[in-house]
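What you see is a predicted model, and the numbers here were worked out from it, not measured in a lab. Letters A, B, ... mirror the listed sequences (proteins, then strands); counts begin at 1.
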Protein chains: 2
Amino acid sequence: MFTLSEENYLKTIYHLEVDTDQGISTNAIAKKLATKASSVTDMIKKLSDKKVIVYKKYKGVTLTELGNKTAANVVRKHRLWEVFLVEKLNFSWDEVHDVAEQLEHIKSSKLINQLDAFLGFPTHDPHGDPIPDKDGNLKTIEKRLLATLSKNESGICIGVDDSSSEFLQFLDKKGITLGKKITILEKEEFDNSLSILIGEKKLSISNKIANNLYIKAHNGH
Amino acid sequence: MFTLSEENYLKTIYHLEVDTDQGISTNAIAKKLATKASSVTDMIKKLSDKKVIVYKKYKGVTLTELGNKTAANVVRKHRLWEVFLVEKLNFSWDEVHDVAEQLEHIKSSKLINQLDAFLGFPTHDPHGDPIPDKDGNLKTIEKRLLATLSKNESGICIGVDDSSSEFLQFLDKKGITLGKKITILEKEEFDNSLSILIGEKKLSISNKIANNLYIKAHNGH
DNA sequence: ATAAATTTTTAGACAAGTCTAAAAATTTAT
DNA sequence: ATAAATTTTTAGACTTGTCTAAAAATTTAT
Ligand SMILES: [Mn+2]
Ligand SMILES: [Mn+2]
Ligand SMILES: [Mn+2]
Ligand SMILES: [Mn+2]
């Protein structure tokens, strides 16, 4: 079994591995966890001893198969709880993260499997992130950042990259929610801002926003 | 805020206070928590500093108003989660305790209040124990141990004293569940065993069982 | 009232997880 | 190739919560 702290380190390494095929550096982990590099060094030893990561000096860490499965299970729990909070307890998508951070560490396989069933085996969490299955596998969907779409292209809004409550509340205010169809009306050269059509509404959004919204390619006419 | 460990101490003191009007001794706490008296002494200092208990040397501890409210809130969470597990996730009443021990420490008032609403504001947990309200108050119901009923008296089975999974599974096997009507057919003098009618069925149960089952007085004809 | 038994506290140690400050190793720049 | 900058590790300390063993205080028995 793993401690809460070990689980958080594993989850962090898991998330960092998505963006790279390199080993994950001590500093990268420290930064993500808002802790000190010296603390990470200590934990790397513990996790190596437990065979969940492999560490090559100065080359960073990699999750072993066991480590990946363990981390994926924490992520699975996190995302299932987020679905529960939104679907059953009327939380909004910007309120769920902190509570899920706690709930993800509850240990009971019956609990999580029954919860999965109770929720109807959801495939994605409220932010559009995929939910790993019992074995830690997740089906990746073809998604693109809104910023990569060209003029007149359209697609369905399926996720966010940044899921901070500030960003999510901003999207709420603009009326941008998952499932909505977005069409690029205009791309401004000088600041890369976009003029888009979402539902019936025309909106102007900055490049920063466009780089945090995921779109499912959609053969729009 | 209180740590997980502090919450467990408070909850223990809360439960022990039900049975007595004396202060709760260091040893009593140690026994209930399966820890050592010296550890309890340390924690008593911390909890006193935090103004949740009052300690009179060699006279034991008492919860302050704040301590009582804090402890009751942990119990409230424990029991609401137990209801959730049984009602929504198909746990049986003997499987819920250990998971609830973990869930009771999740910190989010929105979570617990929404859960309460989602469950339809239940008043009792799956073992018949009352659920404290937001302010820590609970309505006590008039209940008696089955062992105290006389011949021909009857009542409704509303709770258990011992909620170990062994005892609960035993009750399941005998077909004794909360809400059922029980009538005393016979009381044996020599071993205090009972012959009872539960539903349509006649059963013989030992005094030990009768001392762990709560009955709601019922003006049986 | 004194002795015996019990309860509680103290003293010192340990494990987990974290921190700061300094040293060592590695990588990058000149 | 050497120096500079960066990354990582070590050393030592601290906190929380726990433990054992011994000392001290209190209660109970004679
Ligand atoms: Mn976490
Ligand atoms: Mn999420
Ligand atoms: Mn607990
Ligand atoms: Mn219960």
Side-chain angles (χ1 to χ4, degrees), chain A residues 1-13 16-17 19-63 67 70-71 74 101-102 104-107, chain B residues 1-13 16-17 19-63 67 70-71 74 101-102 104-107:
Chain A
M1 268 317 94
F2 298 92
T3 66
L4 186 147
S5 190
E6 288 169 344
E7 286 187 347
N8 280 337
Y9 274 92
L10 288 175
K11 193 180 62 160
T12 298
I13 297 164
L16 289 169
E17 275 193 345
D19 304 318
T20 177
D21 48 359
Q22 313 259 83
I24 309 303
S25 73
T26 302
N27 269 351
I29 298 169
K31 190 177 176 187
K32 197 86 179 256
L33 276 173
T35 184
K36 294 294 141 74
S38 54
S39 305
V40 176
T41 299
D42 288 345
M43 185 57 86
I44 284 175
K45 275 178 206 140
K46 287 174 202 160
L47 294 176
S48 296
D49 289 348
K50 288 194 169 185
K51 314 283 185 200
V52 283
I53 61 174
V54 171
Y55 180 50
K56 292 214 183 72
K57 273 194 181 174
Y58 286 86
K59 294 292 172 185
V61 300
T62 329
L63 292 173
T70 307
V74 177
E101 281 295 310
Q102 300 177 62
E104 73 189 5
H105 301 291
I106 302 291
K107 282 161 181 63
Chain B
M1 269 316 94
F2 298 92
T3 66
L4 185 147
S5 191
E6 288 169 343
E7 285 188 347
N8 280 337
Y9 274 91
L10 288 175
K11 193 180 63 160
T12 298
I13 297 163
L16 288 169
E17 275 192 346
D19 304 317
T20 177
D21 50 358
Q22 313 259 85
I24 309 302
S25 74
T26 302
N27 268 351
I29 297 169
K31 190 178 176 186
K32 196 86 177 257
L33 276 173
T35 185
K36 295 294 141 73
S38 53
S39 304
V40 176
T41 299
D42 288 346
M43 186 57 86
I44 284 175
K45 274 176 207 141
K46 288 174 201 159
L47 294 175
S48 295
D49 289 349
K50 289 194 168 185
K51 314 282 185 200
V52 281
I53 61 174
V54 171
Y55 181 50
K56 290 212 185 73
K57 274 195 181 174
Y58 287 85
K59 294 292 172 182
V61 300
T62 329
L63 291 172
T70 306
V74 176
E101 280 296 312
Q102 299 177 63
E104 73 189 5
H105 301 291
I106 302 292
K107 282 162 182 59

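- Considering only residues two or more places apart in sequence or on other chains, A:Ser5 meets the side chain to side chain contact (heavy atoms under 4.5 Å, CB included) condition with A:Thr3, A:Tyr9, A:Met43.
- Using a 4.0 Å cutoff on non-hydrogen atoms, the parts of residues 31-43 of chain B near DNA chain D are B:Thr35, B:Lys36, B:Ser38, B:Ser39, B:Asp42, ordered by number.
- A:Tyr55 and A:Gly60 make their closest contact through CD1-O, 3.4 Å (heavy atoms, listed as atom of the first residue, atom of the second, distance).
- Considering only residues two or more places apart in sequence or on other chains, A:Glu7 meets the side chain to side chain donor-acceptor pair (under 3.5 Å) condition with A:His105, A:Lys107.
- Sorted by residue number, the list of members of residues 1-12 of chain B with any non-hydrogen atom under 4.0 Å from DNA chain C is empty.
- To the nearest 0.5 Å, the span separating CG on B:Leu63 from CG on B:Leu10 amounts to 6.5 Å.
- Distance CD1/B:Ile106 to CD/A:Glu101: 11.0 Å, rounded to 0.5 Å.
- Side-chain contact between B:Val52 and B:Phe2 is present, with at least one heavy-atom pair separated by less than 4.5 Å.
- Counting only Watson-Crick and G-U wobble pairs whose two key distances fall under 3.5 Å, DNA chain C forms stems of three or more stacked pairs at C:1-30 with D:1-30.
- Following rounding to the nearest Å, B:Lys45 (NZ) and D:dT18 (C1') show an atom-to-atom distance of 14 Å.
- With values rounded to the nearest 0.5 angstrom, A:Leu47 atom CG is found 4.5 Å from A:Ile53 atom CD1.
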Can you list, pair by pair, the side-chain donor-acceptor contacts under 3.5 Å of residues 19-28 of chain A, counting residues two or more places apart and other chains?
| from | atom 1 | to | atom 2 | distance (Å) |
| --- | --- | --- | --- | --- |
| A:Thr20 | OG1 | A:Gln22 | N | 2.9 |
| A:Ser25 | OG | A:Ala28 | N | 3.0 |

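- When DNA chain C is scanned 5' to 3' for any atom under 4.0 Å from a heavy atom of chain B, the first and last hits are C:dT7 to C:dT10.
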Could you tabulate the donor-acceptor pairs under 3.5 Å formed by side-chain atoms of residues 30-42 of chain B, not counting sequence neighbours?
| from | atom 1 | to | atom 2 | distance (Å) |
| --- | --- | --- | --- | --- |
| B:Thr41 | OG1 | B:Ala37 | O | 3.2 |

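- Remark: B:Glu104 engages B:Lys11, B:His78 in a side chain to side chain donor-acceptor pair (under 3.5 Å) (not counting sequence neighbours).
- DNA chain D lies under 4.0 Å from at least one heavy atom of each of the following residues of residues 47-61 of chain A: A:Tyr55, A:Tyr58.
- Residues satisfying the salt bridge (Lys or Arg N to Asp or Glu O under 4.0 Å) test with B:Glu6, not counting sequence neighbours, are B:Lys50.
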